[in-house]
Amino acid sequence: MKKPLSIGLASALLAGAASADGLYYVGAEAKESMPLKWVVGADLTYDDNVTPNSGNGDEDAFSINPYVGLSVVSITPQTSWDVYARVGALYYFNDVEGQSDDLYPQARVGANVTHRFNERVRVSSRNFLAYELEPDYSYGFATSRQNDPYLYWQTDNSVGYRWSERFGTYTGFVLTGLDYDSEVENSDRFTWTIYNQFRYQLSPQTVLTAEYRYSETDGDGFAADSTDQYALVGVEHRFSPNSILIARVGAQFREVDDSGDDSTSPYAEIATSTRVNEVFTVRAFLRYGLEAYDTVQTIGAGIYDFSEKETLRNGVSAEYAISPMFAIFGGVDYIPATYDEGNLQFATGPAPTSVSGYDEDLVNAYIGLSVKFTDYLSGSLTYNFTNSESDFDNRDYDRNRITVGVRAEF
């Protein structure tokens, strides 16, 4: 009986630290193999404010988004891997002022691999890439709508080692890139991170963690390079086979190269997922800290790079199956941010050398209904509302979108 117990403890100790799956990630891994599955579908959307940050007023438009996707999962005692991909295009039927094109290609690709050399050692690699126009707030970098596509990618590679029945470590590195097309200036970022996490098995359901991260970010244009360090403690608790909580809190130490500004901030990240019963599932996340994204803003005649962008990202999503045929789903993201220590980078006229105290709040909410017509064919109807209130020019807006979709799986 000792070997199965050791394997169970090793799996709990080496549950994984970071991820490319966004803020909603809660450490879940596939439990069984799945054969190759294809998905073909299309979404038709009415958008009443396509380019809210362009200063051209409310521009409405219809668009269509055809796509094709695939996924496959392989699980063996030694090696687990899953691959998923979706490619498509977003086409606007009418010309939109402030938008560079009518047709935008889209792609999302992910590949995750875990290999167990023995009961003590395993390596893990999680990789993700997205090229698209709309911001996905669960990635943790988008604050407001941009009018050009972005390429976002991340690779997280780590080695886990179980030192004893209760104690293990995870050591790894993360590379992250964000690249916008040429119309969006000062927004590209490249970040590399190394981390080490200590893990202690307190009980069959609970793992305590202590983690250190070191991260460097290269900014684009007027955005300064920066260094961030994190000292965190946390807990991972499984309430039931279908419910888990992962929480880490501590301090963030941030240094900005050009300005020489140093700051210390509380830091927290919490993610949870629970299957309340056979028909109701809820997921939620929260992250608070100083961010290196979207730090360059224009104020009057000056362009400023803010050394401290204090951001709280939190959201919740849920799905409820009314019947085998009908299900409702919905969610909301709330992102308040405060910009401080803004340093003047360029001016076309008189402008102060530094500014602080600018606030921005964004709410993105959606609700929808899905219908399963047959075992292979389903449809959906979704309403999405976005509201942005900002102290910066051209960043206050409301946006409504209605989407009708159909998809086939085989």
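Values reported hereafter were calculated over all heavy atoms of this structure, with side chains retained and with hydrogens, waters and symmetry mates removed.
Within the 4.5 Å cutoff, side-chain heavy atoms of L151 are placed close to those of L129. The closest side-chain heavy-atom distance from Y339 to D294 is below 4.5 Å.
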Exercise for the section: For Y200 and F167, run ring-ring contact (aromatic ring centres under 6.0 Å, His included): C-alpha distance rounded to whole Å, both residues' side-chain angles, the deciding distance at 0.1 Å, then the answer. Expected result: CA-CA 5 Å; Y200 180 76; F167 180 67; 7.5 Å; no

Exercise for the section: Apply the test side chain to side chain donor-acceptor pair (under 3.5 Å) to residues Y150 and D179: give CA-CA distance (whole Å), side-chain angles for both, the deciding distance (0.1 Å), then the verdict. Expected result: CA-CA 6 Å; Y150 64 81; D179 296 289; over 6 Å; no

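A side-chain donor from one of E310 and Y288 sits under 3.5 Å from a side-chain acceptor of the other. Side-chain atoms of T403 and D43 include no donor-acceptor pair closer than 3.5 Å. Between the side chains of S307 and E341, not a single donor N or O lies within less than 3.5 Å of an accepting N or O. Side-chain contact of S80 with D82: a donor-acceptor pair under 3.5 Å is absent, judged by distance alone. For the 3.5 Å distance criterion, the side chains of Q106 and R108 fail to qualify, holding no donor opposite an acceptor.
Of the residues listed (V235, L232, V233), the one engaging V249 in a side chain to side chain contact (heavy atoms under 4.5 Å, CB included) is V233, and it is the only one.
Between W192 and Y214, the ring planes lie tilted relative to each other; the angle falls in the 30° to 60° range. Aromatic ring pairs are classed by plane angle as parallel below 30°, tilted from 30° to 60° and perpendicular above 60°; the pair F306 and Y358 is perpendicular. The aromatic rings of F62 and Y46 sit tilted, their planes meeting at an angle between 30° and 60°.
Between D156 and R126, no side-chain nitrogen of the basic residue sits less than 4.0 Å from a carboxylate oxygen of the acidic one, so the salt-bridge criterion is not met. Between E308 and R254, none of the side-chain N atoms (NZ, or NE/NH1/NH2) sits under 4.0 Å from a carboxylate O, so this pair counts as no salt bridge. Between R313 and E291, at least one side-chain N (NZ, or NE/NH1/NH2) sits under 4.0 Å from a carboxylate O, which counts as a salt bridge.
Stacking of R86 on the aromatic ring of Y67 is recorded, both the 6.0 Å distance cut-off and the 45° axial limit being met.
A distance of 6.0 Å or more separates the ring centres of W163 and F198.
Residue E409 places its CD atom among more than 12 non-hydrogen atoms of other residues, nucleotides or ligands, all under 6.0 Å distant. Crowding of N277 atom CG: a count of heavy atoms from other residues, nucleotides or ligands under 6.0 Å exceeding 12. By the neighbour-count criterion of 12 heavy atoms within 6.0 Å, atom CD of Q229 is densely surrounded, having more than that number from other residues, nucleotides or ligands.
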